[in-house]
Amino acid sequence: MFNGINTSASALTSQRLRMDVVSSNMANADSTRGRLVDGEWQPYRRKMVVMEPNNTFKNHLDRARNEKAGSGVKVSRIVEDQTPFKQVFQPEHPDADDAGFVQLPNVDPLKEVVDMMSATRSYEANVTALDAHKNMLLKALEIGR
């Protein structure tokens with residue numbers, strides 16, 4: 001009875017985490033000291049959310065018995081983007097190397113804006129689906145009156 005609500009809730013949670021990761025990427029777009037590795041500072045590395053369906057053996061069995069239509073999504077992991085860092089010539093920067101180059105994070109603000117808009121639209125679509133499911137349940141309760 002509440003499978004639709006559970007499915008929408010899992011999607012809302014996943015999209016919210018995706019928006020949080022995009023916000024973190026945007027906040028650290030200029031961080032040259034993201035992580036200390038072997039005594040050397042490395043720039044912040046862009047993070048991405050990987051989602052996958054909630055496919056457990058129980059879900060497959062329930063689906064086979066036609067008791068449960070869907071099981072939603074979950075965030076399986078957060079991965080770091082392995083694209084190279086940007087190199088900018090700024091000899092006056094405190095993190096510049098001997099040649100005067102500074103490594104900047106591999107965060108592209110345009111990509112982050114597109115990813116944020118996609119997450120926002122997905123969130124809104126899931127809110128709409130959740131609201132429609134709630135209204136159907138309320139209408140079903142009115143039948144019994």
Listed by chain and number, what are the side chain to side chain contact (heavy atoms under 4.5 Å, CB included) partners of [X], not counting sequence neighbours?
X	result
Leu12	Tyr123, Asn126, Val127, Leu130
Val88	Gln90, Leu104
Asn135	Asp131, Leu138
Ala96	His93, Val102

**Request:** Apply side-chain contact (heavy atoms from CB on, under 4.5 Å) to the pair Gln103 and Gln87, showing each step before the final yes or no.
**Result:** CA-CA 5 Å; Gln103 287 189 330; Gln87 296 265 346; 3.2 Å; yes
Connected-component partners of [X] among ILVMFWY, side-chain separation under 4.5 Å:
X	result
Leu36	Trp41
Met136	none
Leu110	none
Phe89	Phe101

Salt bridge (Lys or Arg N to Asp or Glu O under 4.0 Å) pairs touching residues 85-97, sequence neighbours excluded, are Arg33-Asp95
query = Who are the salt bridge (Lys or Arg N to Asp or Glu O under 4.0 Å) partners of Lys47, not counting sequence neighbours?
reply =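 Testing Lys47 for salt bridge (Lys or Arg N to Asp or Glu O under 4.0 Å), a comparison that skips the adjacent residues, returns Glu80.
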Across all chains, not counting sequence neighbours, the salt bridge (Lys or Arg N to Asp or Glu O under 4.0 Å) partners of Asp81 are Arg46
Applying side-chain hydrogen bond (donor to acceptor under 3.5 Å, both in side chains) to Ser76 and not counting sequence neighbours gives none
**Study point:** Close side-chain approach of Arg45 to Asn106, heavy-atom, < 4.5 Å
**Key:**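 They are in contact (side-chain heavy atoms under 4.5 Å apart), so the answer is yes.
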Report yes if the side chains of Ser23 and Met116 come closer than 4.5 Å at any heavy-atom pair, otherwise no.
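Counting from C-beta outward, Ser23 and Met116 do come under 4.5 Å.
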